[in-house]
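Handing you this structure, nothing more for now.
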Amino acid sequence: MKVLVVGSGGREHAIVTAAAKNPRVEKIYCAPGNAGIAALAECVPLGAMEFDRLAAFAKERGIDFTIIGMDDPLVGGIVDVFESEGLRVFGPRKNAAILEGSKAFSKDLMKKYGIPTAAYEKFCSPEDALSYLETAKLPVVLKADGLALGKGVLICNTLDEAKAGVKELMEDRKFGDAGNTIVVEEFMTGREVSVLSFVDGKTIRIMSSAQDHKRAKDGNEGLNTGGMGTFSPSPFYTPEVDAFCKEHIYQATVDAMAAEGRPFTGVIFFGLMLTEDGPKVLEYNARFGDPEAQVVLPRMKNDMIEVMEACVDGRLDEVELEFTDNAAVCVVLASDGYPLSYEKGLPIEGLNRFDEKSDYFCFHAGTKAGEDGQIVTNGGRVLGITAIGKDLKEARAKAYEATEWVGFANKYMRHDIGQAIDEA
Ligand code: AMP
Ligand code: GLY
């Protein structure tokens, strides 16, 4: 079996690593991939948004199964293009990926089907948004409707900040068309949990929980990033929370999408806030989280390819997911300056220390092979250093120990990934 993975980050390295474990998989391609992925897959210089070229490549090479890792191609309809060419592909079609692609859509869906989420209003003109904000309770959350690299969410503590936010999103169009419509949402407090799931259009199977750390600096200070580190499972995701979400959120979302004529096949990522009034949905994503995949997939006992094939074939009801009774922590090594500006092309030392260790993973995100073959930094998030331990404390200690094995000139990390578990 030949597999193609579309994407180039740490999440895709984790997906390729899991795919390589399937005994039927004889060859993996990754477009465009990175220097770490290149050890397991042939990297192809095609961009994730080049749908026609990717589909042509898949046909030409006889690819049996394609996995789309990233949000942009999913929201843009890559799955529809592959399907129209008769190719087997894992991920939601365009009309279902809108669950992530439009916050206005997902909020309206939750309202219509009674799925718990923060109260909200949506606006397509800055005047209407501004007049509503005059009387809105503070803090208030502004969200660009469309995809904005996880940066289109503004938490505003004062009316002035909120007004500036409306200007940024709708008038200055900082995120382009993504800000044509904005959602203004009630501010919620509580712990955040990421729950990933496999879905086949009708049936949903929940993976082990995780928690991300989105802010750039220790103590949740600094700018929002793609994610600076994760742990799995989350000790705050108790059996009671799980039972509530199973009753009110997970299947309800899958059924709502089917009822809307938008059956969802692929991964639904539920971003949850555990509020005093119970769990509520912060956001949906239509794919694995990054770096959630890096702590969830290594703990999955099932063969990932088989679960994905069951999704595509609509027989996920035959599958039960199983996770190892241990824990994982991923610490992201970033380039100092991320998420704003940073240097690239710096040599990375010590990567071979991860070879042949089954409880440590060095997932590459922004890396590439330099001219002399030396692996160099090539992005803001460079590596996701992941360790498995018998519990979260052990996994965290091991992950931080392993962050010392690798070096590059502007290496930056948070030192408090997983500290929240001490309060559990
Ligand atoms: P989102 O992309 O919608 O997940 O938002 C990014 C981050 O903003 C979330 O992970 C939360 O930390 C925060 N956030 C989003 N919506 C809210 C809300 N209604 N109340 C409080 N924090 C929020
Ligand atoms: N780690 C959050 C995300 O992938 O959106």
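Given the structure is predicted, the values throughout are model-derived calculations rather than measurements. Whatever order the structure lists ligands and atoms in, that order sets their numbers, starting from 1. Along the sequence shown, residues carry numbers from 1.
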### Message
Within the structure, is a non-hydrogen atom of Gly289 found at a distance of less than 4.0 Å from ligand 2?
### Response
yes
### Message
Quick one, Arg381 with Asp290, criterion side chain to side chain contact (heavy atoms under 4.5 Å, CB included). Give me CA distance, side-chain angles, the key distance, then yes/no.
### Response
CA-CA 10 Å; Arg381 292 191 292 179; Asp290 186 343; 3.7 Å; yes
### Message
Is the positively charged end of Lys301 above the ring of Phe323, judged by distance under 6.0 angstrom from the centroid and angle within 45° of the axis?
### Response
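No, Lys301 and Phe323 do not form such a contact.
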### Query
What residue pairs, at least two apart or across chains, pass side chain to side chain donor-acceptor pair (under 3.5 Å) with a residue in residues 271-282?
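Those involving residues 271-282 do not exist here.
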### Message
Heavy atoms only, cut-off 4.0 Å: how does Glu292 contact ligand 2, side chain, backbone, both, or neither?
### Response
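Only the side chain of Glu292 comes within reach of ligand 2.
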### Query
Looking only at protein heavy atoms, which one is nearest to atom 2 (O) of ligand 1, and how far off is it?
Glu283 OE1, 3.2 Å
### Message
Side chain or backbone, does Asn224 bring an N or O within less than 3.5 Å of an N or O on ligand 1?
### Response
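In this structure, Asn224 places no N or O atom under 3.5 Å from an N or O of ligand 1.
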### Query
In terms of atom number and element, which parts of ligand 1 are under 4.0 angstrom from non-hydrogen atoms of Leu282?
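Once the distances to Leu282 are compared, the set is 3 (O), 14 (N), 15 (C), 16 (N), 17 (C), 18 (C), 23 (C).
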### Nearest-neighbour protein heavy atom for atom 5 (O) of ligand 1, which is reported as residue plus atom name and distance
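Result: Val153 CG2, 3.4 Å.
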### Task
Could you check atom 20 (N) of ligand 1 against the protein and tell me its nearest heavy-atom contact, residue, atom and distance included?
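Protein heavy atom with the smallest distance to atom 20 (N) of ligand 1: Met188 N, 2.8 Å.
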### Query
Using the benzene-type ring in the case of Trp, are the ring centres of Phe270 and Tyr284 under 6.0 Å apart?
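Ring centroids of Phe270 and Tyr284 are less than 6.0 Å from each other.
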## Note on the structure
Near Asn285 (heavy-atom distance under 4.0 Å), the atoms of ligand 2 are 5 (O)
### Task
Answer yes or no for Gly226: is there a heavy-atom contact with ligand 2 below 4.0 Å?
yes
### Query
Is there at least one pair of N or O atoms, one from Arg287 and one from ligand 2, spaced under 3.5 Å apart?
yes
### Task
Test salt bridge (Lys or Arg N to Asp or Glu O under 4.0 Å) on Lys107 and Glu185 and set out the steps.
CA-CA 10 Å; Lys107 294 297 290 190; Glu185 199 173 274; 2.9 Å; yes
### Query
Hey, is ligand 1 close enough to Phe187 that some N/O pair sits below 3.5 Å?
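No, there is no polar N/O contact under 3.5 Å.
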### Task
Please confirm whether Arg191 makes a cation-pi placement over Phe236, using NZ or CZ under 6.0 Å from the six-membered ring centre and within 45° of the ring normal.
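Yes, a cation-pi geometry.
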### Query
With a cut-off of 4.0 Å, which atoms of ligand 1 are near a heavy atom of Lys214?
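Contacts of ligand 1 toward Lys214, numbered from 1: 4 (O), 10 (O).
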### Query
Just which atoms of ligand 1 are under 4.0 Å from any heavy atom in Lys103?
1 (P), 2 (O), 3 (O)
### Task
Return yes if a side-chain donor-acceptor contact under 3.5 Å exists between Asp336 and Tyr342, otherwise no.
no
### Task
Measure up the His13 and His364 rings against each other and bin them: parallel (under 30°), tilted (30 to 60°), perpendicular (over 60°).
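Geometry flag for His364 against His13: perpendicular rings.
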#### Entry: Ring-face cation contact, Trp405 with Lys357, 6.0 Å cut, 45° max
yes
### Donor + acceptor pair across side chains of Arg205, Asn302 (<3.5 Å)
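Absent: no donor and acceptor within the cut-off.
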### Query
Quick one: does ligand 1 sit under 4.0 Å from the side chain of Glu186, the backbone, both or neither, non-hydrogen atoms only?
backbone
### Query
Closest non-hydrogen protein atom to atom 13 (C) of ligand 1, residue and atom name please, with distance?
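Result: Ile155 CD1, 3.9 Å.
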### Query
Considering only heavy atoms, which of Glu100, Met273, Glu192 lies nearest to atom 12 (O) of ligand 1?
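Result: the heavy atom closest to atom 12 (O) of ligand 1 is in Glu192.
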### Task
Please say whether the positively charged group of Lys202, taken as NZ for Lys or CZ for Arg, lies over the ring of Phe264, i.e. under 6.0 angstrom from the six-membered ring centre and within 45 degrees of the axis.
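Because its charged atom misses either the 6.0 Å distance or the 45° angle limit, Lys202 does not stack over Phe264.
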### Query
Is there a donor-acceptor contact under 3.5 Å linking the side chains of Thr324 and Asn326?
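A pair is found: one side chain offers a donor N or O, the other an acceptor, under 3.5 Å apart.
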### Task
Would you check whether Arg11 has a nitrogen or oxygen atom less than 3.5 angstrom from a nitrogen or oxygen atom of ligand 2?
no
### Summary
Near Lys143 (heavy-atom distance under 4.0 Å), the atoms of ligand 1 are 3 (O), 15 (C), 16 (N)
#### Entry: Atoms in ligand 2 with a heavy atom of Asp212 nearer than 4.0 Å
1 (N), 2 (C)
#### Entry: Which of the ligand 1 atoms, numbered from 1, are nearer than 4.0 Å to a heavy atom of Glu185
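In order of numbering, the contacting atoms are 16 (N), 17 (C), 18 (C), 19 (N).
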